Amino acid sequence: MLFDWLSTRKFGSRRRNKYAKVTSGLVSDEEISSSFVLVHMNIGLESKKAGASMSYEHGEIHCKKVLSNGDVYVGDFGGLLPHGMGRYTWTDGTIYHGQWEESKITGRGKIFWPSGATYEGEFCGGFLHGAGTLFGVDGSTYRGLWRMNKQHGKGIKLYSNLDEYDGLWREGLQEGIGTYRWSNGNTYSGNWKAGKMRGKGVMKWANGDLFDGNWLDGLENGSGYYKYADGSIYVGIWSRGLKDGHGTFFPAGSRLPYQHRYSEYIVYGNKVQSLGPTSLFSKRRKKVIRWSMIGYLRNPKRISHRPSFLDGVWNIGDACESSLSENTPYALCSSTDEGRHGLQNDSVLVYDREYMQGVLITESMRYYDFRRSQKSKWHLKMKKQPRGPGETIYKGHRSYYLMLNLQLGIRYTVGKITPVPMREVRSSDFGTRARIRMYFPSKGSQFTPPHSSIGFFWKDYCPMVFRNLREMFKIDAADYMMSICGGDGLKELSSPGKSGSIFYLSQDERFVIKTLRKYELKILLKMLPNYYDHVGAYDNTLITKFFGLHRLTIKGKKVRFVVMGNMFRTELRIHRRYDLKGSSHGRSTNKHNINENTTLKDLDLTYVFHLEKSWRESLFRQISLDCEFLESQSIIDYSMLLGLHFRAPEHLKAYSESQSLLKRSANSQDDISDVQLCDEVRTPPKGLRLVAHEPSSVSSLPGSHMRGSTLRASAAGNKEVDLLLPGTGRLRVQLGVNMPAQARWKLLHGEGLDTTELDPAGVYDVVLYFGIIDVLQEYNMNKKIEHVCKSLKLDPVSISAVDPKMYKKRFIRFLEKVFPE
C-alpha cells in the first residue's frame, strides 16, 4: 500500500518541507490481496472432488493438500476444509503460517511475501484485521490495528528515514489525533484528516519556533499563534501557510494579555505535555494523552517577524524607505529593560500588522495597558472576542437543542421528498398550504426516530419547489444533508445587521441558515413563484439563492429558518467585506469595533474596481434585471455584499526580493542604478493571469455558484477563462465569483473617511465576490411612515427607506461609481 500523505511547501524564496513526501515501502495492495483471493474456495472445492489426492492416512488430522494450480497446504483439516493450524504456500513464493477457520485465514498467523515484507498478527476472513505488525521491504515498520488490509485505529509507524508517526489511522491514512516527528527533531502534534495535518495542532521546530493554531492540508490556515525562538510572538491569521490578514506582534520579553495566551507544548523524550489555558488535548479530559514522536523537517528559512518600522504607522507607501526583509535590525524604542518589556510592568509594546499573502502591508505601534486588562479580566469570557467564521455549537450551548431539532427536521423532509420523481412545479406547490408537517416526540414514533431533545413540531414549506431549486444548482440531496446534518454540528454567527437574526453556518461553510421574522417568511412565500421563474430564467442572477424554508415549534415558541447559499465559500481568503446600499445616512462603521470579520458599509469604501469592459456590461445588465424583479415585488433595503481578496502588491514582492541585491550592489554601482532598480519595483500591478477555461482542471466548489456561466475575456480571444493563482490553482471565473479586477483608491463620499487613512499605493490586484442580499423587506406602511419622518430632518436621498423605484435607481447609480468604466 502506498501512503502518499506528505507534500512540500514554500516559506519565502526557499523550499521548506513541513512533511516530506515518502512512500511506505511496506507491501502493495495487489500483493496482499492476491495472497488471499479464493484460497478457502479453491481448497474447499478441490477437497470435494472425487479422487482428490490427500497425503494422510485414515484418522490422521495433519494433512497435505496440493491444489491443481500448484499451491500447497500442509496442516489441520476439519472434515474437508482447513481448520486449525496450517501452512499455505503460493506458487509465487508467498507463505502463510498460522490459524485457519473453515478454509478461511482467521486468527493469529504470519505471512511472508517474496519481496521480503512480512506481517505477523491477527487475521479475519483472509484479511489483515486486528492487531499486527508489518515489516516493509525498505525497513519501515507499522505496529498497530488493522481493518480489511488497511491501517485503522491506533498505530505506530517507523519509516526507513527514521520518521515516526504515533496516533490514529483510518483506511490506511492518518486521521484523528496523532504526532509526527521528523528525524531532525521537528514535531507536529494535533489533528489529521485523510493523511494530512488538518484542524487544531502544534508544530515545534528544532530551532525553537512553535506554531499553535489551525492547519489545512499541512499548511497553517486560519487563526494561530507563532512563537519564535527569541521569545517574540505573533498572533494572527494565516492562509495556506502565509500570514494573511490582521495580527499582533509581541516583541521578545513581552507578556501576553489574557485573551492571547494560547496553549503551549513542551516536547521531551516521548511525551507531549500541554502548558497553558487552551490545549489541543482538552482540559475536560482527565487523562493526559501521550504520543511518542520522531520526525524530519528541513531547517526552514525563518519567517520575518521583527518590527520593520517603529515610528507610528508603516504602510506600503514607505516600501522604499523601510525594509521588509528578515535582515532588518531588531530594535525597540528604548534600549533599556523598560523598553524591552514595555512601559514598566503595566504596559507592553505591540505592533498591529496586516499581511497579504505573506507581505507586510501596514504596521502601527501601540502600548497594551495591562492595568486596564487586569481590571476587566473577570468579564473577558462574557465579551465576544474576534474569532474565525463562527462558534461551533457544542452540547450545553444555548442553541444546541435548536440545532438538533433543525437537523432532524431537515434530514426527515429531504429524505422524504428526494425519492419523489422529478417534475415541473405546479401552482399547488407554492403557498402556505404546500407543506410537510410532523411532530417529533422525544421517544420517537411510527414515522420519526427517538432523539435527545424535547418534542417539537416541524413544518417544511414548499418542499417540491426548494427541492427543484437545489437540483437547479446541482446540489446533491445526500451532500446537502451531510453538510447541514452531519456529525460535526453547525457554527453560530453574530448578526452583522440590525435585524437581530441569528445566522448559522454549516461545518463545510457551503450553507448559511438564517432565522426569519414572521413577516419575512410571508414575503418569501409571496414572492417565491416569481423568484423561482426569475432564477430559472437567469443563470447568472446575483440574488441570494434559497434552498429551504422551515419552522420549528418548541413549547409554543415558533422559530423560522431559511437555508441559503454562502456567497463567501471560496478558496481565497476574504480580506474585506462590504454591505453596499447606495444610501449614506448611518452607513459607516465605528473604527474601534472593526476586526477581521467586520462587514463595512458604504462610507467605509475607499476603492473603485475596474473590470474588463465586457464583464462590466454583463454585470450591470444582470444588476438591472435583478433590481427590476425586486422592484416588481416592492422590495427595498437590499444591498450588494462585496468581498475582496487582495493579492500582494507586485512592487512589494519585487522590493522584498530585491533588498539583498540592492545591498550587495551598493558598493559596486552608482546611485543612479539604485534609483532605477527602486523605480522598477514601484511599478503598478500587471493584472491577474487569465488562461483558457479547462473544466477538467479548474478548481470548483459545489454549491450556489455551480450554475452560472463561465465568463469570456477579450485578452483570451473572447474565450471562456479561468483565473490562475500560484499556490492555489485554477479558479473558474463567473459573474460575482472569482472575478479579477484592479482596485484603485478613490473617495466615493465626502464624509465618513479620516484623511489620515489615504492609501499611497493606490492600485491593487483583487479578486471579487459579490451578490445581492437582504431581499425580504417590502416597502410597506411602516417603511412609508419611516420615510416621511426621516425626510423631515434628513435629505430624503440619503436615507434607506425610499420607494422601490427610487431605491433601484440610487442603488444602480452608486454601483456605477463603484465599478466605473
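The residues of the chain are indexed from 1 along the displayed sequence. Bear in mind the structure is a predicted one, so any value in this text is a computation, not a measurement.
- Few gaps surround CE on Met472; more than 12 heavy atoms of other groups in view lie less than 6.0 Å from it.
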Show the numbers, then the answer: is there a salt bridge (Lys or Arg N to Asp or Glu O under 4.0 Å) between Asp166 and Lys154? CA-CA 8 Å; Asp166 184 352; Lys154 181 71 170 64; 2.5 Å; yes

Start with the C-alpha gap between Thr94 and Tyr96, add the side-chain angles, then the distance that decides, and say whether side chain to side chain contact (heavy atoms under 4.5 Å, CB included) holds. CA-CA 7 Å; Thr94 303; Tyr96 168 75; over 6 Å; no

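- For the pair His129 (side chain) and Arg147 (backbone), a donor-acceptor distance under 3.5 Å is absent.
- Remark: Thr89 OG1 to Ile95 CD1 distance equals 4.5 Å, nearest 0.5 Å.
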Could you walk me through whether Leu490 and Ile513 pass the side chain to side chain contact (heavy atoms under 4.5 Å, CB included) test, one step at a time? CA-CA 9 Å; Leu490 303 176; Ile513 302 171; 4.1 Å; yes

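- When only modelled atom types and interatomic distance are considered, Ser223 and Asn214 share a side-chain donor-acceptor pair under 3.5 Å.
- Side-chain atoms of Thr448 never come within 3.5 Å of backbone atoms of Gly444 as a donor-acceptor pair (strictly under, hydrogens ignored).
- For Tyr142 and Trp169, the ring centers sit closer than 6.0 Å to each other.
- Inter-residue side-chain proximity for Ile484 and Val563 is flagged as met; some heavy-atom pair is nearer than 4.5 Å.
- How far NE2 of His451 is from CD of Gln407: 13.0 Å, rounded to the nearest 0.5 Å.
- Judged by distance alone, the side chain of His152 and the main-chain N or O of Arg170 form no donor-acceptor pair under 3.5 Å.
- From Glu171, atom CD reaches atom CG of Asn149 across 10.5 Å, with rounding to the nearest 0.5 Å.
- Using a 4.5 Å heavy-atom threshold, the side chains of Glu471 and Ile475 count as separate.
- Heavy-atom minimum distance, Glu220 versus Trp205: OE2-CH2, 4.1 Å.
- Listed here is the closest heavy atom pair of Thr91 and Asp71: N-OD1, 3.1 Å.
- Rounded to the nearest 0.5 angstrom, Leu552 CG and Leu406 CG are separated by 6.0 Å.
- Under the 4.5 Å side-chain criterion, counting only non-hydrogen atoms from C-beta, Asp76 is not in contact with His83.
- For the atom pair CZ of Phe127 and NZ of Lys150, the computed distance is 11.0 Å after rounding to the nearest 0.5 Å.
- Residues Lys459 and Phe457 have side chains not in contact (no heavy-atom distance under 4.5 Å, counting atoms from C-beta outward).
- Residue Arg423 places its CZ atom among more than 12 non-hydrogen atoms of other residues, nucleotides or ligands, all under 6.0 Å distant.
- In this structure, the ring of Tyr412 has its center no less than 6.0 angstrom from the ring center of Phe447.
- Scored by the side chain to side chain contact (heavy atoms under 4.5 Å, CB included) test, Ser483 finds Ser506, Asp508, Arg510, Phe511 as partners (sequence neighbours excluded).
- Taking the six-membered ring where the residue is Trp, the centroids of Phe547 and Phe466 are separated by 6.0 Å or more.
- Looking only at distances, no side-chain donor or acceptor of Gln507 sits under 3.5 Å from a matching main-chain atom of Lys491.
- You'll find the ring centres of Trp100 and Phe77 outside the 6.0 Å limit.
- Smallest separation of non-hydrogen atoms from Thr179 and Trp192: N-NE1, 4.3 Å.
- Note that CG of Asp476 is 8.5 Å distant from OG1 of Thr418, once rounded to the nearest 0.5 Å.
- The side-chain heavy atoms of Lys157 and Thr141, taken from C-beta on, include no pair separated by under 4.5 Å.
- Closest of all the heavy-atom pairs between Tyr504 and Glu492 is CE2-OE1, 3.5 Å.
- Checking side-chain atoms of Asn566 against main-chain N and O of Glu509 turns up a donor-acceptor pair under 3.5 Å.
- Within a 6.0 Å sphere centred on CZ of Arg87, other residues, nucleotides and ligands contribute 12 heavy atoms or fewer.
- For Tyr480, the side-chain hydrogen bond (donor to acceptor under 3.5 Å, both in side chains) criterion is met by no residue, not counting sequence neighbours.
- For Ile554, the side chain to side chain contact (heavy atoms under 4.5 Å, CB included) partners are Leu402, Asn405, Ile454, Phe456, not counting sequence neighbours.
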Begin from the C-alpha positions of Lys204 and Asn186 and carry the test side chain to side chain contact (heavy atoms under 4.5 Å, CB included) through to its verdict. CA-CA 6 Å; Lys204 184 171 185 180; Asn186 300 311; over 6 Å; no

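- Note: Tyr180 and Tyr159 have tilted aromatic rings, judged against thresholds of 30 and 60 degrees for the angle between ring planes.
- Here the side chain of Glu175 pairs no donor or acceptor atom with the backbone of Lys193 at under 3.5 angstrom.
- By the 4.5 Å heavy-atom criterion applied to side chains, Leu158 and Ser140 are not counted as neighbours.
- Listed by chain and number, the residues in a side-chain hydrogen bond (donor to acceptor under 3.5 Å, both in side chains) with Arg143 amount to none (sequence neighbours excluded).
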Test side chain to side chain contact (heavy atoms under 4.5 Å, CB included) on Met197 and Gln174; report intermediate values, then the result. CA-CA 9 Å; Met197 298 144 63; Gln174 300 102 318; over 6 Å; no

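- Legend: residues meeting side chain to side chain contact (heavy atoms under 4.5 Å, CB included) with Asp460, ordered by chain and number and at least two apart, are Thr413, Ile436, Trp458, Pro463, His550.
- The heavy-atom pair separating Met203 from Trp215 by the smallest distance is CB-CZ2, 3.4 Å.
- For the residue pair Asn184 and Ala206, the shortest heavy atom distance occurs at O-CB, 3.6 Å.
- Checked by atom type and distance alone, the side chain of Glu101 never pairs as donor or acceptor with a backbone atom of Thr106 at under 3.5 Å.
- Listed for the Asn221 side chain is a donor-acceptor partner under 3.5 Å among the backbone atoms of Arg240.
- Residues meeting the ring pair (Phe, Tyr, Trp, His ring centres under 6.0 Å) test with Tyr119, sequence neighbours left out: Phe123, Trp146.
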